Amino acid sequence: MTVATPPQTSLMPNDVKDLSLAPQGKKQIEWANSDMPVLEAIRQRFEKEQPFKGVRIVSCNHITKETANLCRALKAGGADSILIASNPLSTQDDVAASLVADYGIAVYGQKGEDNATYTKHVNLALDFKPNVIIDDGSDVVAELVQNRPEQIGDMIGSTEETTTGIVRLNAMVNDNRLPWPAMAVNNAQTKHFFDNRYGTGQSTLDGIIRATNTLIAGKNVVVVGYGWCGKGTAMRARGLGANVLVTEVDPVRALEAVMDGFRVMPMNEAAPIGDIFVTVTGNRHVIDWPHFEMMKDGAMVANSGHFDLELNLAKLAEEATDRNQIRPFMEAFTLKSGKKIMVLGEGRLINLAAAEGHPASVMDMSFANQALAVEFLVKNKGTLENRVYDIPEDVDAMIAKLKLDSMDVAIDVLTPAMVEYQNSWNIGT
Ligand code: ADE
């Protein structure tokens with residue numbers, strides 16, 4: 001689909017689908033905010049302290065009701081900011097409209113945009129000459145570093161939301177190509193323990209169910225990759241009654257999966273017995289053409305990893321004798337053998353393509369980390385090295401404490417005797 005030239009309005013610059021969707025989007029943003037108390041507290045503090053006065057921020061995120069609340073927090077803190085879509089299928093068009101019409105934030109993104117439009121949006125955002133980039137997959141960072149070296153001097157730093165993006169940042173460090181400090185938001189415990197595990201776990205199953213309305217109970221669900229996203233997906237598939245099989249390349253993770261009670265095997269063995277496949281590896285072609293050929297007739301295949309290259313869909317399309325869109329987010333590919341493979345959500349993140357992504361309650365912590373990571377970069381401008389930083393441990397602990405408080409959960413504190421014991425080496429048996 002080609003997206004028309006951005007409409008000329010007196011509003012903030014935008015390329016959203018339909019500004020008349022704004023009233024519905026505003027209700028969604030407010031609904032999400034009611035389950036994002038940690039971010040809301042940060043937004044209120046930012047409003048008073050104005051830490052981002054004069055700072056230009058480009059956010060490249062999934063345009064969701066949860067991301068809208070991150071943008072509100074940045075704006076409350078005085079930032080001049082733009083939001084662009086980090087994925088062609090994840091934009092919630094009503095939310096995008098409301099951000100422009102109700103919150104005065106520039107937004108470029110439409111659900112269903114093609115790759116050329118996505119790249120155009122990345123470049124429109126870079127024309128804004130950011131000081132900080134909030135990235136989700138590292139595409140904006142990579143574009144600036146490779147193609148706009150003259151803008152490197154404007155940058156204070158960047159933050160990264162995903163495991164995939166951090167792998168790319170570390171590769172840049174190894175190549176001596178990272179020209180500013182970058183905060184690895186995904187490495188915070190209050191991010192990946194919750195967002196990657198419970199967020200991906202629930203929303204991936206939600207996306208598969210919305211796309212297919214298939215019964216999960218009794219199905220063989222193959223989870224490809226047993227990182228935090230894989231752990232969450234396997235756990236929730238089991239909760240719905242699936243027989244879960246796991247494939248892995250890392251022996252420690254494979255062992256964890258075995259001891260968590262899942263069957264572990266190579267993809268060649270899983271391919272003929274799986275009913276539903278979900279990739280969550282961050283790697284390329286983890287389901288390849290020979291695997292598709294081995295699958296059962298009617299096997300369903302989805303990806304919940306960041307990029308759509310986990311499934312070799314190009315080769316599947318080349319080999320298919322027919323393609324048929326059965327319902328939104330489900331396309332049947334017929335093979336020469338007559339078997340059909342059902343591809344969900346075009347191989348894009350199924351939790352955001354067919355459902356609404358992670359629930360607000362977990363994005364609350366992810367985006368609290370994002371907001372505080374940006375504040376850390378701005379406060380420490382000029383004093384940090386050009387490397388990948390983790391979120392400071394005290395920030396992680398503070399976010400967990402605020403989340404617990406919001407849930408009315410109290411915890412114990414160390415007594416002086418416990419502190420003394422922890423600090424001693426000579427108190428034994
Ligand atoms: N990534 C996964 N779920 C998300 C959401 N709801 N909003 C923004 N980014 C996400």
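Values in this document were obtained by computation on a predicted structure and should not be read as measured data. Order of appearance sets the numbers: ligands from 1, and atoms from 1 within every ligand.
Defined by atom type and a distance below 3.5 Å, a donor-acceptor pair is present between the side-chain atoms of Gln110 and Asp15. Residues Thr214 and Lys219 have side chains that bring a donor and an acceptor to within less than 3.5 angstrom of each other. Side chains of His62 and Ser90: a donor on one and an acceptor on the other come within 3.5 Å.
Of the heavy atoms in His358, both backbone and side-chain atoms come closer than 4.0 Å to ligand 1. Residue contacts with ligand 1 for Glu356 involve N, CA, C or O but no side-chain atom from C-beta outward (heavy atoms, distance under 4.0 Å). The part of Leu352 lying near ligand 1 is the side chain, judged by heavy-atom distances below 4.0 Å.
Other residues, nucleotides and ligands place no more than 12 heavy atoms under 6.0 Å from the CZ atom of Arg284.
Of the protein's non-hydrogen atoms, His62 CD2, 3.6 Å is the one closest to atom 1 (N) of ligand 1. Here the heavy atom of the protein found nearest to atom 7 (N) of ligand 1 is Thr64 OG1, 2.7 Å.
Within the 4.0 Å heavy-atom cutoff, Thr67 counts among the residues contacting ligand 1.
When all heavy atoms of Ile287 and Met267 are compared, the pair lying nearest together is CG1-CE, 3.7 Å.
Shown in contact with Phe367 at under 4.0 Å from a heavy atom are these atoms of ligand 1, numbered in order with element: 8 (C).
Looking at ligand 1, you won't find any N or O of Asp136 less than 3.5 Å from one of its N or O atoms.
With sequence neighbours excluded, no residue forms a ring-ring contact (aromatic ring centres under 6.0 Å, His included) with Phe292.
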